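In what follows, chains are A, B, ... by sequence order, proteins preceding strands, each numbered from 1. All of these numbers come straight from a predicted model, not from anything done at the bench.
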Amino acid sequence: MAQAVSPNNTTAANRRRSRTKFTEDQLKILINAFNQKPYPSYATKQRLALEINTEESRIQIWFQNRRARHRFQKRSEPEEHLESSQDEDHPEEKIQSRGDRRCRTSYTSSQLHTLIEAFMNNPYPGIDSRQQLAIEIGVPESRIQIWFQNRRSRCHVQRKREPDEALEQRQDQGKISEVRVQGIETTQNGTDLTSDSYSSGARTRW
DNA sequence: GCGTAATCTAATCAACA
DNA sequence: TGTTGATTAGATTACGC
């Protein structure tokens with residue numbers, strides 16, 4: 001998978017968060033919680049965060065990685081070695097956790113303006129930039145990270161769709177031949193994730 | 001070098017205007 | 001109903017021992 005930040009290009013602006021080192025006691029609590037519920041609700045994650053004195057976002061990442069490791073083990077290990085209680089697919093937990101999500105963050109137009117400006121400047125901000133933005137607009141850093149993820153993702157989708165849409169438009173207008181889509185493709189083909197064009201066709205809220 | 005936290009994309013769910 | 005924040009799986013990167 002393509003990564004935006006090359007290993008040798010680490011600057012203050014794209015530096016990763018330093019690794020969290022969980023203590024034995026913290027891990028005991030986390031593992032115990034995981035064994036009970038691999039898909040904890042937001043309230044549970046918050047409670048755990050409080051209990052082991054860390055951020056809720058770290059709990060979320062820990063559970064994500066833990067589930068991934070479990071799935072991996074499940075695939076690679078012979079079936080008789082599996083611990084039955086923990087290796088179910090846990091569909092009921094998944095369903096339940098959907099009912100207790102974090103409240104949707106609602107950004108003001110000025111917050112969005114700041115985010116978009118930052119995105120145009122750098123679509124892959126490191127921990128320092130994200131924290132700075134978080135302070136600036138008064139939103140947790142984890143929400144900034146999610147916002148950038150969604151924004152990048154939707155930019156990719158939009159860019160994939162644009163040539164098709166241009167074609168459809170031409171067909172709708174009954175304009176035959178000579179109209180070139182090339183221009184659109186070439187200008188969008190670079191690394192310009194920063195374009196706000198992905199929302200330009202639709203209604204914008206900012 | 002290994003274990004694993006952090007990060008990424010893509011798909012999907014779901015709140016809200 | 002479309003937009004977009006939240007969550008997930010799965011893959012990958014890279015930190016810290």
* Asked: At under 4.0 Å between heavy atoms, what does A/S18 touch on the DNA or RNA strands: base, sugar-phosphate, or nothing?
  -> sugar-phosphate
* Judged by atom type as modelled, is there a donor-acceptor pair below 3.5 Å linking the side chain of A/Q36 to the main-chain atoms of A/A33? -> no
* Asked: Quick one: A/F148 CZ to C/dA6 C1', roughly how many Å, whole number?
  -> 17 Å
* Asked: Under the salt bridge (Lys or Arg N to Asp or Glu O under 4.0 Å) test, which residues partner A/E56, sequence neighbours left out?
  -> A/R102
* Atom-pair distance (CZ on A/R152; P on B/dT9), nearest Å -> 4 Å
* Asked: Does the distance from a Lys or Arg side-chain N to an Asp or Glu carboxylate O, for A/E51 and A/R47, drop under 4.0 Å?
  -> yes
* Roughly, in whole Å, what's the span from NE2 in A/H70 to P in C/dT8? -> 16 Å
* **Residue A/R71, side-chain atoms from C-beta onward, closest of C/dA9, B/dA5, C/dG5** => C/dA9
* Integer-rounded Å distance: C/dA6 C1' and A/D100 CG -> 12 Å
* To do: By nearest nucleotide on DNA chain B, pick out whichever of A/S106 and A/P125 is the more 5' one.
  => A/P125
* To do: Among the candidates B/dC13, B/dT4, B/dA11, find the nucleotide nearest to the side-chain atoms of A/N150.
  => B/dA11
* **Side chain A/R16 and base C/dT13 donor-acceptor under 3.5 Å** => yes
* In whole angstrom, give the distance that lies between atom OH of A/Y42 and atom P of C/dG5. => 16 Å
* Heavy-atom donor-acceptor pair, A/R19 side-chain to B/dT4 base, under 3.5 Å -> yes
* Structure fact -> To the nearest angstrom, the CD-P distance between A/Q46 and C/dT7 comes to 10 Å
* Asked: What is the distance from OH of A/Y124 to P of B/dT7, rounded to the nearest Å?
  -> 14 Å
* To do: Could you tell me which residues satisfy salt bridge (Lys or Arg N to Asp or Glu O under 4.0 Å) with A/E117, sequence neighbours excluded, listed by chain and number?
  => none
* Structure fact -> Across all chains, not counting sequence neighbours, the side-chain contact (heavy atoms from CB on, under 4.5 Å) partners of A/S57 are A/E55, A/S142
* Of all residues at least two apart in sequence or in a different chain, which pass the salt bridge (Lys or Arg N to Asp or Glu O under 4.0 Å) check with A/R130? -> A/E141
* Asked: Looking only at side-chain N and O atoms, does A/R67 come under 4.0 Å of OP1 or OP2 in C/dT8?
  -> yes
* Examine B/dA17: is either OP1 or OP2 under 4.0 Å from a nitrogen or oxygen in the side chain of A/Y107? Give yes or no. => no
* **Interface residues of residues 132-147 of chain A with DNA chain B (non-hydrogen, below 4.0 angstrom)** => A/Q145
* Listed by chain and number, what are the side-chain hydrogen bond (donor to acceptor under 3.5 Å, both in side chains) partners of A/R71, not counting sequence neighbours? -> none
* Any side-chain N or O of A/R159 less than 4.0 Å from the OP1 or OP2 oxygen of B/dT9? -> no
* Side-chain-base donor-acceptor pair under 3.5 Å for A/R104 and C/dT4 -> yes
* Heavy atoms under 4.0 Å, any strand shown: does A/S153 hit a base, just sugar-phosphate, or nothing? -> base
* To do: Mind calculating the distance between CZ (A/F72) and P (B/dG3) to the nearest angstrom?
  => 11 Å
* Examine A/R151 relative to A/F119 and say whether NZ or CZ is less than 6.0 Å from the centre of the six-membered ring and inside a 45° cone about the ring axis. => yes
* Give a yes or no on whether a donor-acceptor pair under 3.5 Å exists between the nucleobase atoms of C/dG5, that is its base, and the side chain of A/R154. => yes
* Asked: So does A/R102 get a side-chain nitrogen or oxygen closer than 4.0 Å to the phosphate oxygens (OP1/OP2) of C/dT7?
  -> yes
